[in-house]
Peer 1: 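The following block contains the structure, expressed as structure tokens.
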Amino acid sequence: MEVVDLSPTSRPLSPLLSTAPARRLRLLPPRCVVGLRASPRTRGLGCVGGSLSRRHSFCKNGFFATSSSSASVEPATQELGTADAVEWSGDAIRRRFLEFYAARGHKILPSSSLVPGDPTVFLTIAGMLQFKPIFLGKEPRRVPRATTSQKCIRTNDIENVGRTARHQTFFEMLGNFSFGDYFKKEATTWAWELATKEYGLPAERLWISVFEDDNEAFNIWHNEVGVPKERIQRMGAEDNFWTSGATGPCGPCSEIYYDFYPERGSSDVDLGDDSRFIEFYNLVFMQYNKKDDGSLEPLKQMNIDTGMGLERMARILQKVPNNYETDLIFPIIEKAASMAMVSYAKADDATKTNLKIIGDHMRAVVYLISDGVIPSNIGRGYVVRRLIRRVVRMGRLIGIRGDGHGNSEGAFLPSLAEVVISLSTEIDSDVESRRRSILGELQREEMRFVQTLERGEKLLAELLDEALLNAGNNGNKPSLSGKNVFLLYDTYGFPVEITAEIASEQGVTVDIEGFDIEMENQRKQSQAAHNVVRLSVGNETEIVKNIPDTEFLGYDSLSASAVIKGLLVNGNPVNEVSQGSEVEILLDRTPFYAESGGQVGDNGFLYVNGGEDRRQTTVIEINDVQKSLGNIFVHKGMIKQGSVEVGKEVDASVDAKLRQGAKAHHTATHLLQSALKSVVGSETSQAGSLVAFDHLRFDFNFHRPLSEEELTTIEALINQWIGNAAHVETKVMALQDAKNAGAIAMFGEKYGEQVRVVEVPGISLELCGGTHVSNTAEIRGFKIISEQGIASGIRRIEAVAGDAFVDYVCARDNYMRRLCLSLKVKAEDVNSRVETILEELRATRNVASSLRSKIAVLKAASLASRATTVEPQNVRIVVENMGDVDADGLKSAAEYLIDTLKDPAAVILGSSPGDGKVSLVAAFSPAIVEMGLQAGKFVSGIAKLCGGGGGGKPNFAQAGGRKPENLPDALEKARAEIVARVSGSS
């Protein structure tokens, strides 16, 4: 391959952007061409606004690659600084940012999951979220400086996606963070150096905003960095003062803006003008704590939290009109356009908007599903479902039909997801390994939606036409009722937001309040993603500021001596607690396991020994242990005897039987995950777990119930591994080494640089801090109790192991023995005996039902003579209460009467068969139906009076109800209505 480097500067760049003399040919692994731009002849639909010819593409490590030395190229002509010859890819921008700060002492840390561990935050919406406990002082800093590229999701501005140049649901936030290390001067000068020297942005195009009272930041920008005063704007707290909530850490912000049109001058400049400026780097100087009274006090540890939008910087450096046309998103748009057989470059604005929405949303759903969020009607799953269904609708609007591989009825989302996955390598390497699961989930969700989409679209169109017509007739504003919006949601799977979006396009509003009322008894509507990461500084930090992390001894010992470092009653620190009080105890060391990784905390006792004979003077029963404020173990319990005070030495003793139960169930959980992957597929992944003393619960991603055969195979496989008496090994290693070895991370857990790995050789390898048996034989046995769905795409297995397994099997054996005695058969004959009994019962019920029907017909025969004749068409009518006749008997009676009375005739019968039930039936002869009466509609209206409903054919229908006391009045109403209708008086 020919490589041409056109960089005009001899200043050393990053190794990823190493330069060479102009026109010098050399081979660059991985075969990248640095500094080339396609000639006008090769510009087409557009990579970064116009794709290169088929011989050109972005290579994985950053810049343009070419497979032919004959390709026409020309030097890039950008108004950039020292990096002006570089054609920046999104991957290269990300890498340059991380390497820049790594060279300045920052530890490069991986992106955290889009599903945050913080229960106060719905989705990961900011780069600082994983450091929130450190900013609060609840966890010690692991490093003084860090830098990350964080995956983020925000859906609060979803209506702007595709319609503005910068709004997205999924984006990457590049950040550098200081935890009590450097502060304003370093943060500002490095940000400027990165922007102007590394990325080559012209200094004269950059504007700065600072908080109106932050003279320190203003002076640094002007005096230290050299930004002219006229390009530094002071702004109010609404724009440039960051707060985490009513109280807590806060501080002024400073932002860097890029000016797309400097020729417009510097007078009366509005940095909020999106048509001219884009804010691409935000620096938060976390220097105050906001108190309850609103006053500010300096933080003891001042922090730096910054964020640079990767897509925004790519837009600037790639010189495209919006974030969507960068190489981070545009390949997805190109794929969607090709599947719809349209040209993005020639498309109208509406089609371009739909393509942008598809490009954005596809990134969001792929990364959310990869992080374990499955489409559903609640919580985060509702966000995924809503985004997927928007993409499906937009795809259909632009003309996508079929999967792009010849199947016109197939799903198209997997084809788009393939592009997203191909772009994911440097964002999240786990996405590729979850490809099969992601593609399968998208295909199922799309096909599930398409099944009802066309019917729903037709109904919605009818409802919108009706709303517009009614509004025109009565002069009101057209609106869809909450009841109809709920019908679309509940029956046809239309998220209310999509209904509102379609309605808005037609000028129709929707009754959201009415929809919420309809929803109240169905489910709790998904809460909107929080748009603020809330921090608060309570008294917890003060309580433990002098208390070190708890040393955990429980891997090797179930008893140990320890010193009481703190006592809490109702969350408040005390020095002494007496008998009968509930207490939380902080020890310097402990054998008690604190709840984490799904495993419950240990139970046991603390003893205080006194006197020369070391008798137990104090006994504290521990019933739970939790981790708090980092790695401090909180032992919760009750003082059964004596009193305890801070500084006392205690003997800590864990309940060995309960701990063994937890160990057996935890190792069994690891075996279960391996068995699931072996039996139903490697794409299955954990979605949650509980390891208790007497059972385990394992939630996993899967799209269907497991068959009895699969469950039996899983059980057999686990019990085989238990019987093999495999040794269970634990070791501590570097996180990356563990991942490279194939270790599976436990759901929802955070990991440091050093991790504990639990291995059952050849069977299971997982990152886990829990307690485990030393040999699988200690598990004794494994039995699945249940398998069920708990949400869309989420299954749950509950099982027992160890002593709980033995207890379960013994209990079931006892039940079987008693059943054998009752049925007077052997255990192996129970099934056939039960089948025989059931068959006999069915036959008896059929005989009884036949007799009841005959009795009902006999009763009906006497009713025929009491039929009323209604003029002028001599219609014979029977409306009667038949007592306790059941629904089948009522049906037989009505059929007999309608045949006996001859045409024209109408029969309405009701009964109260017991258990608070009402049965109703209506039978109309052909002449009655020709009069415009329909049995289904008629009986449905009557049934409502009895608290029920029903329907059927025009000539015959049944209904039910739950208010037998209303039956007489309902039948009287039926008599009056049918007489009025057939007589022509209504």
Side-chain angles (χ1 to χ4, degrees), residues 94 98 107-135 139 142 146-155 168-175 177 307 310 362-376 378-384 387 417 420-421 423-435 437-438 441 526-527 529-531 533-534 596-598 673 683-689 699-701 735-736 738-739 743-753 755 766-769 791 793-794:
R94 182 192 306 107
L98 297 175
K107 177 71 174 178
I108 299 177
L109 297 177
S111 170
S112 61
S113 169
L114 289 171
V115 180
D118 185 342
T120 69
V121 183
F122 192 60
L123 290 164
T124 297
I125 59 169
M128 60 80 67
L129 188 58
Q130 65 172 300
F131 305 116
K132 175 179 171 180
I134 300 174
F135 288 139
E139 288 185 6
R142 298 190 296 273
T147 183
T148 65
S149 178
Q150 175 63 51
K151 302 173 296 182
C152 298
I153 290 280
R154 291 183 188 174
T155 59
Q168 298 160 246
T169 56
F170 177 87
F171 58 96
E172 283 187 77
M173 189 63 75
L174 305 172
F177 306 90
L310 174 60
M362 281 306 303
R363 293 210 304 167
V365 298
V366 165
Y367 286 100
L368 280 166
I369 293 173
S370 176
D371 280 348
V373 183
I374 303 301
S376 70
I378 58 172
R380 300 180 182 100
Y382 183 65
V383 172
V384 177
L387 293 173
V420 181
I421 294 170
L423 297 171
S424 71
T425 307
E426 295 198 25
I427 305 172
D428 182 352
S429 58
D430 290 333
V431 175
E432 174 61 43
S433 65
R434 295 164 184 159
R435 172 190 295 267
S437 175
I438 294 167
E441 198 61 53
S526 165
Q527 294 182 349
H530 297 295
N531 196 32
V533 180
R534 299 200 175 276
S596 62
Q673 175 153 230
E683 72 274 14
T684 303
S685 60
Q686 181 179 345
S689 69
D699 299 340
F700 59 100
N701 298 317
L735 176 60
Q736 194 55 52
K739 287 186 174 182
I744 298 173
M746 296 294 286
F747 179 82
E749 284 296 287
K750 292 182 179 179
Y751 299 98
E753 292 185 31
V755 293
E766 296 194 20
L767 308 183
C768 183
I794 304 290

Peer 1: Where is the tightest heavy-atom contact between Gly597 and Ser689, given as atom of each residue plus distance?
Peer 2: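 Result for this residue pair: O-OG, 4.0 Å.
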Peer 1: Is there a side chain to side chain contact (heavy atoms under 4.5 Å, CB included) between Thr169 and Leu387 once you walk through the steps?
Peer 2: CA-CA 9 Å; Thr169 56; Leu387 293 173; 4.3 Å; yes
Peer 1: Residues two or more places apart in sequence or in another chain: which of them pass side chain to side chain contact (heavy atoms under 4.5 Å, CB included) with Ser424?
Peer 2: Tyr367, Ile421, Val431
Peer 1: What residues form a side chain to side chain contact (heavy atoms under 4.5 Å, CB included) with Ile794, not counting sequence neighbours?
Peer 2: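 With neighbours one apart ignored, the set is Ile374, Ala687, Asp699, Asn701, Ile790, Ala791.
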Peer 1: Is any side-chain heavy atom of Ile153 less than 4.5 Å from a side-chain heavy atom of Leu368?
Peer 2: yes
Peer 1: Return the minimal non-hydrogen interatomic distance between Phe171 and Ile125, and the atom names on each side.
Peer 2: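 Scanning both residues completely, I find the closest heavy atoms to be CZ-O, 4.0 Å.
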Peer 1: Please examine the side chains of Arg142 and Lys107, heavy atoms only from C-beta on, and report whether any two atoms are closer than 4.5 Å.
Peer 2: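 They are not in side-chain contact.
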Peer 1: Just how far is it from atom CE of Met173 to atom CG of Leu310, taken to the nearest 0.5 Å?
Peer 2: 10.0 Å
Peer 1: Do Gln673 and Phe700 have side-chain heavy atoms sitting under 4.5 Å apart?
Peer 2: no
Peer 1: Excluding sequence neighbours, so at least two apart, what forms side chain to side chain contact (heavy atoms under 4.5 Å, CB included) with Ala743?
Peer 2: Ala738, Leu765, Leu767
Peer 1: Would you name the heavy atoms of Val115 and Thr124 that are closest together and state the gap between them?
Peer 2: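 Minimum heavy-atom separation between Val115 and Thr124: N-OG1, 4.2 Å.
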Peer 1: Applying side chain to side chain donor-acceptor pair (under 3.5 Å), can you list everything that pairs with Arg434, at least two apart in sequence or on another chain?
Peer 2: Ser370
Peer 1: Got Asp371 and Lys151 here, is their nearest side-chain heavy-atom distance under 4.5 Å?
Peer 2: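 In contact.
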Peer 1: In sequence, state the C-alpha distance, the side-chain angles, and the governing distance for Leu735 and Glu753, and then conclude on side chain to side chain contact (heavy atoms under 4.5 Å, CB included).
Peer 2: CA-CA 5 Å; Leu735 176 60; Glu753 292 185 31; 5.7 Å; no
Peer 1: Please enumerate all residues that pass side chain to side chain donor-acceptor pair (under 3.5 Å) together with Gln736, with sequence neighbours excluded.
Peer 2: Asn740
Peer 1: Working to the nearest 0.5 Å, report the span between CG of Leu98 and OG1 of Thr147.
Peer 2: 5.0 Å
Peer 1: Which pair of heavy atoms, one from Leu114 and one from Phe170, lies closest together, and at what distance?
Peer 2: CD1-CE1, 4.4 Å
Peer 1: Sub-3.5 Å donor-acceptor pair from the side chain of Arg380 to the main-chain atoms of Phe122, do we have one?
Peer 2: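 Looks like yes, one N/O pair under 3.5 Å.
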Peer 1: Of all residues at least two apart in sequence or in a different chain, which pass the side chain to side chain donor-acceptor pair (under 3.5 Å) check with Glu172?
Peer 2: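 Per chain and number, Glu172 pairs via side chain to side chain donor-acceptor pair (under 3.5 Å) with Arg94, Ser149.
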Peer 1: Could you pull out all residues at least two apart from Met362 that satisfy side chain to side chain contact (heavy atoms under 4.5 Å, CB included)?
Peer 2: Ile332, Ile358, Val365, Val366, Val391, Leu413, Leu416, Ala417, Val420, Leu442
Peer 1: Going by side chain to side chain donor-acceptor pair (under 3.5 Å), name the residues that satisfy it together with Ser111, two or more places apart in sequence or in a different chain.
Peer 2: Gln150
